[in-house]
Structures are given as structure tokens and as C-alpha cells.
Amino acid sequence: MRKLFFSESACKETKLHSAPHSWLPLDRGGLSKSAAHASGGTSIESLMKMPEPAVLPHFKPADYVDILAQIHEELESCPPDERSCLFLLQFQVFRGLGEAKLSRRSLQSAWEKASTIHEKLIFGAWLKYEKKGEEAISDLLSSCGKCSQEFRLLDFVSQVSTGSHDMGYDEGSDEFRGSAVVHFRIRDDMIACDRRKLAALSTPLYAMLNGGFRESYLEVIDMSRNGISPIGMRAISKFSLSGRLPYLSADAILEMLDFANKFCCKGLKDACERKLASFVSSRQDAIDFMECALELGCSILAASCLQVLLNELPECLNDEQVVRIFSSANKQQRLTMVGNASFSLYCLLSEVSMSTNPTSDVTLSFLEKLVESASDSRQKQLALHQLACTRFLRKDYAEAEPLFSAAFSAGHLYSVVGLARLTSLRGNKHFALKLLDSVMSSRWPLGWMYQERALYLDGDSKLENLNKATELDPTLTYPYMFRAASLMKRQSVEAALMEINRILGFKLVLECLELRFCCYLALEDYRAALCDVQAILTLAPDYRMIGGRVAAKQLRMLVLENVEQSTTADCWMQLYDRWSSVDDIGSLSVIYQMLESDTSKGVLYFRQSLLLLR
């Protein structure tokens, strides 16, 4: 077999710039026949070294049918305010199965069945995040009145009930001790107020103006040290008379809000919150007002700020001030910010953060809040397992082990994978096997159990367990890749190609395409190799191959030099043939190549979208 990879260092991208063909035996005009058998097989073995399958941070119940049946049964009988949480659990189950369409449908149901405004805005923001890039379609649909409502900001201020703020006493029956008008001195200003109307704003003000306090008999009360300005006090006086706020600046309304909070004026506080909510229009507004809302316990204002922040996911998580708000909120502040939807909020935030950087401090802080917010057993299983996975990726092994153990004890069987990995890292593969065997002996074994068990075995026993894993769960990719890589090492390239084609026939996985690309290079089938690398670039334009050392675009350029260029007519014929034979990978590759030319792109993007949907 032709030697393809002469040294590991030659795979680095710096080498590609200076000597692009140093690791690949290709010449501009053809193939370098003298390169065949130029070196041993050590570098190909280095390329084919298979990393262990990841410990997935998903909710993976032992019996998917049983858990989905439970959720369906509970949805039939549960109170309306519990349905969104059940649909969120259903979303997590489908996410663990890799069913993107079903998981999005569950999110849609959670949004539709939301019983509180907090749940509505959280699941609406989540749907918008999941549909990132579809805003243009939404704008198009809005022109005919069919825009997806989750893309819109909610006008929830008008939907939140104000409740009753009556004092609970008959004003006409009370005899006020002081004069009907009371004056408040604020530095050099005097503000006249109706004593009876002002006292009606709250119980503390009533006690002060008509109780046993000396202010009950005073006609002038000094308010200079209570943090209220003359403008703010005049506005409070007007509110006591009319029940409406005059038009004021945000700073003046903040003063009034602080006054209302000090003197327990519920009606005034509610009116100030609603007015301030209308001022929240940017991320910085949301940050500034959120801090005030959490400090004063203003739920309406906090929800308005939260909506603006969530609407900017994932970009807003690059802002340290935003991260600090979410990661430092205590239980009472979370109640102010999202009511009882704290678990849903941190599910969303941790999902976004993990997709960006699963090992970051931000991800860690959100997952810690997720654990704090978990209320039932299934929520705790998910939260503990996800936090354990992040700790494991960060190599915080001492912190990861008790978390995996707690998730496993709570009933999340899959967390035993994390415990086995940690045991193996300490050099005790025998005990890792015992852990898995104890789980497998207590119930009907699953495919991932045999896959995990194979990691701690060698030779025929390893292959036997991987074959059993494929038999029980054909969707697991690691067994196919390991068998194909093993066949490559034994120079059985055609057999390796057949093995990797088994999974690519029903599941499109980038790592499997990359492995098949290597098989085609070994067989010197450069057109087929080009097809796979172009399909990879369609699915992930920034994908890096050979252990992340080489950009896929760079490899495509190298292989392209050894493939005869096709005309536009040839490409259309190829696309017709591939499309007719339901060759999705080949169709994606041809479309990718045609999009790089001057061909009309509209119909090509349409065909590409159909393939990606399939």
C-alpha cells in the first residue's frame, strides 16, 4: 500500500504552507509512484489511533420506551403548570437519542404550554437559539402574517396582573390627627402632599402620618436623608392623587422605586416597575436595570431585562457583566428573575455555554446553578451528570467522581461510564470492568455498556464486546471506527472501507467521513476522497482533520490538484445521477463544488437544504 503519511510533524499546518506535499505523495501532474512503500506503517498507525468515545453530557435513561411512556402518561394527568417541565424532560430524552427534530418539537410544545410569562420567554429564547440563522425566513413569513411568534419580543408587562393594593381600611371612618396637608422638606424645597392620600399608599406611611409617631402631628417633615429628590417626591404626591405616574426620566423613577420599596408602597412599586420596563431596550440597559431589580425584588422589571439578555444568546455570554448576573444570583434573586422557572433558565444557559466551550468557567458556574435549581429526581440526575462531565473534561477528576456517583445513585445509570473512566485513569482497569459488570448483571445490558466494557479489554475480547455493542445498538459509531482502523493497520483497506460504509449508509458522522477519506487516499481513489472532504466542508466549514492538526479546506486543495476538473455540464449530470441514486453524500459534494463556481446559486442552495433536512 502506498505510504501516505511520512511523519506526524509533517501534518502540522505550518509544514503545509512551506511544503504542501511533504506528507501526501501527490504531484501536480499525477501520482508519485516512487513514494510507494517509502516508509513503514508507524505514521498510519498514529493517524488511525482511535480516541475513546466521549462521556456524553446527556440524559440517558436505562429504558427510553419506559421514560417516554411515563412522560406521556404524566402529561395526560398533570396540572397545566407542570407541562412545560415535562416537555423539557422529553426534550432532554430526545437530545440524548440524537433526535434533533423531535427535541425541537418538544421545545415548541414547552413554549406553547408555558403557564407563566417566565417560561414563555425562556422557551421562546431557546427556540430562537435553536433556529439561529432562520430569522430571514421568519421575516419573509411575517409579510404574510405567519411569522413564528417565538422570534418576537413579548409585551408581557400588560399581561402581568397587578393584583390588589388596597389598604384594607375605610378612609372615611378614620380621623386624622394632623392637618389635611403635610409638607415634605427636601433640602431647600417644600413639597405639599395630601396626608390622607399619601397615607393610603402603604401601611408604614399610614402609621407614620396617622399613628403614634410624632410625624402624625407635624405639618413639615424633613425627607432630605431618604434618597428622594424634589422631582421624585412631587411625582409621588401626584401618584397618590391620580394613581398615575407622570412622564419622568429613568433616574427619577428609580428614586421613586427605592422610596416605594422602603415604605412598602406596592401600588407605587408596581407602577414604577412597569414604567422602567419600557426603558429597557439594549443589553447595557438590561444589565443596569437587572442589578436594581434583583436588589429591590422587582419581578416585572427583572423579567423585562431577562428577555432582552436571552434574546441576544449566545453573544451576550461573552459579556462578563451578563455572566456575573446569572452566575451570582442567589435563590431569592432567581425567584425574582424567573419565578419557579429557574431550572429551565439554567438548562438553556448551560446548553448554550456547553456548545461554545464545555470546559469554561462560565459553563461550570451555570451547571452549578442548574444543580442548585433541580427539584425532582430526574432533574437532579441530569444536572449532576452534566456538571460531572464538565469537571471530567476540565480534568478535575477529584470533583467529578462524587458528582458521577451522586447522579448514578439518583438513578442515572449511564453515569457509571464516568466512574469507570476515572477508575481506569487511576490505573485500575480491572475495577472499572467490575463496575460495569455489576451494572450489566443487574439488568438487561445495553449497547453502550458493551462499548464501554471494550475500552478496558484487548484483542479478541475487545472486538467481541464491540460487535455485541453494534448488535444491540447499531447507531454507536465507535465500534465501526475501531474495526475500520484496525483493518487499516492490517493493510486491509477494502475491508476497512466496507466496515465504515456500514454506518455511513444510515448515519452521517463527520469522524466516519474523515476515516473513509483516509481509506480512499490509501486506495489512491482521489475523486472519492474529494467527495468526502467536500461533504465534510458542507456540514462543517471550519472542520479540522488528522486530530485537529490540518484544516479540511487545506486537504481539499491538495486532493483537488490530482482530480480532473469537471465542467458545469458534467457537474449537473453528476448531481442528477447522485440525486437519482439517493446518494446524499455525493450530492452534497457536487453541490459544494458547483457553489464555488459562478453557477446560479439559488436552486443549488435549495437542493442542499433538502439534503440537509433529510
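Index from 1, following the sequence.
For Glu99, there are no side chain to side chain donor-acceptor pair (under 3.5 Å) partners two or more places apart in sequence or in a different chain. Judged as a salt bridge (Lys or Arg N to Asp or Glu O under 4.0 Å), and not counting sequence neighbours, the contacts of Arg394 are Asp361, Asp396. With sequence neighbours left out, the side chain to side chain donor-acceptor pair (under 3.5 Å) criterion links Glu464 to no other residue. Residues satisfying the side chain to side chain donor-acceptor pair (under 3.5 Å) test with Arg443, not counting sequence neighbours, are none. Applying the side chain to side chain donor-acceptor pair (under 3.5 Å) rule to Thr359 yields the partners Asn357; only residues at least two apart in sequence or on another chain are considered. Residues satisfying the salt bridge (Lys or Arg N to Asp or Glu O under 4.0 Å) criterion with Lys380, sequence neighbours excluded, are absent altogether. Applying the salt bridge (Lys or Arg N to Asp or Glu O under 4.0 Å) rule to Arg426 yields the partners Glu401; only residues at least two apart in sequence or on another chain are considered. In terms of the ring pair (Phe, Tyr, Trp, His ring centres under 6.0 Å) criterion, residue partners of Tyr397 (sequence neighbours excluded) are, by chain and number, Phe392. Looking at residues two or more places apart in sequence or on another chain, you find a salt bridge (Lys or Arg N to Asp or Glu O under 4.0 Å) between Arg95 and Glu130, Glu351.
Here the straight-line distance linking atom OG of Ser360 with atom CG of Leu317 works out to 9.0 Å at 0.5 Å rounding. A distance of 6.0 Å separates CG of Leu310 from CG of Leu345, quoted to the nearest 0.5 Å.
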Using atom types as modelled, flag every donor-acceptor pair under 3.5 Å from a side chain in residues 503-510 to any protein atom, sequence neighbours excluded.
from: Lys507; atom 1: NZ; to: Thr475; atom 2: O; distance (Å): 2.7

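For the pair Leu419 and Ser405, the minimum side-chain heavy-atom distance is below 4.5 Å. In this structure the side chain of Lys462 reaches within 4.5 angstrom of the side chain of Phe482, judged on heavy atoms. Looking at heavy atoms from C-beta onward, Glu511 lies in side-chain contact with Met481 at the 4.5 angstrom threshold.
Pro358 and Thr363 get closest at one heavy-atom pair: O-CG2, 3.7 Å.
Shown here is Glu73, whose CD atom has no more than 12 heavy atoms of other residues, nucleotides or ligands within 6.0 Å. Counted within 6.0 Å of CG on Asp66, heavy atoms from surrounding residues, nucleotides or ligands total more than 12; the atom is thus considered enclosed.
Every pair passing side-chain hydrogen bond (donor to acceptor under 3.5 Å, both in side chains) that includes a residue from residues 411-425 is listed here, sequence neighbours excluded: His385-Ser415, His412-Ser415, Arg421-Glu452. Sorted by first and then second residue, the pairs that involve residues 88-109 and meet ring-ring contact (aromatic ring centres under 6.0 Å, His included), not counting sequence neighbours, are Phe91-Trp126.
Between Glu561 and Arg556, none of the side-chain N atoms (NZ, or NE/NH1/NH2) sits under 4.0 Å from a carboxylate O, so this pair counts as no salt bridge.
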